[in-house]
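Read through the structure below, which is laid out as structure tokens, and then see the notes.
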Amino acid sequence: MDEIVLYGNLLSDIKRRIRQAQAKAVLSVNSEMIWMYWDIGRIILERQQEEGWGAGVIPRLSRDIRNELPEQKGFSERNIKFMVQLYKEYEGSIGKQSVSQLEETKHLVSQIPWGHNIMLMQRLDDTSLRLWYMREILKNGWSRETLSSMIKNDLHHRQGQLVHNFDKTLPPPQSEMVRQSLKDPYIFDFLTISEPFVERELETELIRHLEKFLIELGAGFAFVGRQYKLTVTDQDFFIDLLFYHLKLRCFVVIDLKKGAFKPEYAGKMNFYCSAVDDLLKHPIDQSTIGMILCETKNKVFAEYALRDIHKPIGVSEYELTRALPENLKSSLPSIEEIERELSGQ
């Protein structure tokens with residue numbers, strides 16, 4: 001083999017090892033810092049309970065720590081309050097857990113960044129739900145911005161909720177893995193498209209915002225092509241969107257539909273999945289999965305349509321904006337009220 005190629009391979013291997021070590025070092029530093037925050041929260045809370053100190057001790061501690069240890073960052077009054085909250089809230093839930101659950105809780109808390117921990121404490125009251133999001137953070141590598149978006153859009157309610165036939169077309173545990181990799185509905189609130197629109201416009205907008213689209217789809221999706229051509233005998237067929245899922249090891253065909261789900265969509269998707277399995281699938285790949293994304297669906301129609309289909313297919317809805325909760329809607333001013341306010345009436 002050429003010496004330049006050999007050296008290039010050597011350099012790549014060394015760089016990969018350096019990056020692995022750097023990533024481990026960052027995780028190690030983060031873990032140690034979280035444990036320090038946890039312990040400081042414990043010390044402060046215990047002293048408050050023993051000595052009868054109130055919240056007023058925290059501003060004093062913040063000031064003195066910064067004066068006496070000026071090189072140490074992260075000891076603002078606000079941050080110290082979060083340290084106390086971290087210990088208090090998780091320690092309170094730990095008493096109800098087994099030893100293994102306690103260890104998992106501590107591990108998860110220590111593995112995610114401090115800013116993520118703060119956001120989870122601020123946005124979610126339920127400890128088990130926080131732990132669910134922690135697992136997703138570690139699995140998907142979410143930034144704080146992405147985590148905020150996932151919480152706002154109630155990912156935990158959407159994961160694995162689509163209508164599907166995976167349990168009849170895929171062996172366990174693959175069927176459950178596929179189900180948990182998909183969701184219903186998908187939230188496309190990053191798009192600027194508005195009614196009326198046609199399917200091709202939606203497709204164009206999703207590709208224009210491909211990075212955000214991939215984040216919403218979830219970990220493992222790799223984009224293969226748009227209007228991907230398949231030639232069967234002497235006829236050309238075009239798939240709206242074709243992806244490959246790196247964790248499931250299979251192609252994923254996505255068909256975008258304007259309006260409500262129609263039973264005939266299932267037959268068309270079955271054809272696409274068969275064609276991809278025959279023309280593109282590698283022998284070591286798993287069966288191609290079909291995803292039909294509609295604005296709305298009748299669950300009974302979708303279940304009937306998929307019942308005797310032989311390819312693994314799911315049916316989900318998509319939303320361009322999340323609907324406001326009814327209690328929030330009632331508290332917002334109407335257009336007429338806003339107009340009266342602006343006109344001084």
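Everything numeric here is computed off the predicted structure, so don't read it as measured data. Quick note: numbers below take in every heavy atom, side chains included, and nothing from hydrogens, waters or symmetry partners.
Nearest heavy-atom pair across Pro185 and Arg158 is O-NH1, 2.7 Å. Of all heavy-atom pairs spanning Ile309 and Ala266, the tightest one is CD1-O, 4.1 Å. Pairing each heavy atom of Leu162 with each of Ser316, the nearest pair is CB-OG, 3.2 Å. Contact detail for Ser175 and Pro172: the closest heavy-atom pair is OG-CA, 3.9 Å.
Asp184 is not listed as a side-chain neighbour of Val163, based on a closest heavy-atom distance of 4.5 Å or more. In this structure the side chain of Glu136 never reaches within 4.5 angstrom of the side chain of Met150, judged on heavy atoms. Side-chain atoms of Cys273 and Met269, non-hydrogen and from C-beta on, do get closer than 4.5 Å to each other. Contact check for Ile207 versus Leu241: side-chain heavy atoms found under the 4.5 Å cut-off. Side chains of Ile313 and Val253 form no contact here, defined as non-hydrogen atoms less than 4.5 Å apart.
In this view, Asp240 satisfies the salt bridge (charged side-chain N to carboxylate O under 4.0 Å, His left out) rule with no residue, not counting sequence neighbours. Glu77 is linked by a salt bridge (charged side-chain N to carboxylate O under 4.0 Å, His left out) to Lys81, counting only residues two or more places apart in sequence or in another chain. Listed by chain and number, the residues in a side chain to side chain donor-acceptor pair (under 3.5 Å) with Glu203 are Arg226, Gln227 (sequence neighbours excluded). Checked against side chain to side chain contact (heavy atoms under 4.5 Å, CB included), Asp126 has the following partners two or more places apart in sequence or in another chain: Ser128, Leu129. For Arg208, the side chain to side chain donor-acceptor pair (under 3.5 Å) partners are Glu205, not counting sequence neighbours. For the side chain to side chain donor-acceptor pair (under 3.5 Å) test, no residue two or more places apart in sequence or in another chain qualifies with Lys212. With sequence neighbours excluded, the residues that form a salt bridge (charged side-chain N to carboxylate O under 4.0 Å, His left out) with Asp39 are Arg42. Annotation: salt bridge (charged side-chain N to carboxylate O under 4.0 Å, His left out) contacts of Glu199 (sequence neighbours excluded): none.
Once rounded to the nearest 0.5 Å, the distance linking NE2 of His209 with CZ of Phe190 reads 7.5 Å. Separation of atoms CG (Asn117) and CD1 (Ile34) is listed at 5.0 Å; rounding is to 0.5 Å. With rounding to the nearest 0.5 angstrom, the CE atom of Met177 is 7.0 Å from the CD atom of Gln174. Between the CD1 atom in Ile112 and the CD1 atom in Ile137 there is a gap of 4.0 Å [rounded to 0.5 Å]. Distance check, rounded to the nearest 0.5 Å: CD1 of Ile151 to CG of Leu124 gives 4.5 Å. A distance of 13.0 Å separates OH of Tyr133 from NE2 of His116, quoted to the nearest 0.5 Å.
Taking the ring axis of Tyr90 as reference, the NZ or CZ atom of Arg130 stays within 45° of it and closer than 6.0 Å to the ring centre.
Under the 4.5 Å side-chain heavy-atom criterion for ILVMFWY residues, no single connected hydrophobic cluster contains both Leu206 and Val315. Each of Leu256 and Leu242 belongs to its own hydrophobic cluster when Ile, Leu, Val, Met, Phe, Trp and Tyr are linked at side-chain heavy-atom distances under 4.5 angstrom. Transitive grouping of hydrophobic side chains (ILVMFWY, heavy atoms separated by less than 4.5 Å) keeps Val224 and Ile215 in distinct clusters. Hydrophobic clustering (ILVMFWY, side-chain heavy atoms < 4.5 Å, transitive): Leu202 and Met291 are in one cluster. Clustering ILVMFWY residues whenever any of their side-chain heavy atoms sit less than 4.5 angstrom apart, transitively, puts Phe261 in the very cluster that holds Leu306.
Side-chain N or O atoms of Asp278 include none that pairs as donor or acceptor with a backbone N or O of Ser274 at under 3.5 Å. Here the side chain of Glu201 pairs a donor or acceptor atom with the backbone of Val198 at under 3.5 angstrom. Not one N or O on the side chain of Glu317 forms a donor-acceptor pair closer than 3.5 Å with the backbone of Thr296. In terms of modelled atom types and a separation under 3.5 Å, the side chain of Asn298 and the main chain of Phe301 share a donor-acceptor contact. Panel note: side chain Lys183, backbone Glu216; a donor-acceptor pair is recorded below 3.5 Å. Put simply, the side chain of His245 gets close to the backbone of Ala219: a donor and an acceptor are under 3.5 Å apart.
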Step by step, would you call Leu120 with Leu147 a side-chain contact (heavy atoms from CB on, under 4.5 Å)?
CA-CA 9 Å; Leu120 290 171; Leu147 172 61; 4.2 Å; yes

Could you give me the CA-CA distance, side-chain angles and deciding distance for Ser181 and Lys247, then say whether side-chain contact (heavy atoms from CB on, under 4.5 Å) is met?
CA-CA 9 Å; Ser181 298; Lys247 294 183 178 180; over 6 Å; no

Between Val252 and Leu217, does a side-chain contact (heavy atoms from CB on, under 4.5 Å) hold up when you go through it step by step?
CA-CA 11 Å; Val252 180; Leu217 287 176; over 6 Å; no

Derivation and outcome, side-chain contact (heavy atoms from CB on, under 4.5 Å), residues Met83 and Trp114
CA-CA 10 Å; Met83 296 176 202; Trp114 180 234; 4.3 Å; yes

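Between the side chains of Arg66 and Ser62, at least one donor-acceptor pair of N or O atoms lies under 3.5 Å. A donor and an acceptor atom, one from each side chain of Thr288 and Asp277, are located under 3.5 Å apart. Between the side chains of Ser148 and Arg123, at least one donor-acceptor pair of N or O atoms lies under 3.5 Å.
Atom CZ of Phe223 has more than 12 neighbouring heavy atoms from other residues, nucleotides or ligands inside a 6.0 Å radius. Counting heavy atoms of neighbouring residues, nucleotides and ligands inside a 6.0 Å radius, atom CZ of Arg135 exceeds 12 of them. Remark: Lys299 NZ is loosely packed, at most 12 non-hydrogen atoms of other residues, nucleotides or ligands lying under 6.0 Å away. Atom CZ of Arg47 has 12 or fewer heavy atoms from other residues, nucleotides or ligands within 6.0 Å.
Applying the side chain to side chain donor-acceptor pair (under 3.5 Å) test to every pair with at least one member in residues 251-271, sequence neighbours left out, gives these pairs: Glu195-Lys258, Lys258-Glu295.
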Exercise answer: donor-acceptor pairs, residues 229-237 side-chain atoms, under 3.5 Å, sequence neighbours excluded:
unit_1: Thr231; atom_1: OG1; unit_2: Asp236; atom_2: OD1; d: 2.7

Which side-chain N or O atoms in residues 279-287 pair as donor and acceptor under 3.5 Å with protein atoms at least two apart or in another chain?
unit_1: Lys281; atom_1: NZ; unit_2: Asp285; atom_2: O; d: 3.3
unit_1: His282; atom_1: ND1; unit_2: Ile284; atom_2: N; d: 3.2
unit_1: Asp285; atom_1: OD1; unit_2: Tyr244; atom_2: OH; d: 2.7
unit_1: Asp285; atom_1: OD2; unit_2: His282; atom_2: N; d: 3.0

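Aromatic ring centroids of Phe188 and Phe213 lie under 6.0 Å apart.
The hydrophobic cluster containing Val300, built from Ile/Leu/Val/Met/Phe/Trp/Tyr side-chain heavy atoms closer than 4.5 Å, also comprises Tyr304.
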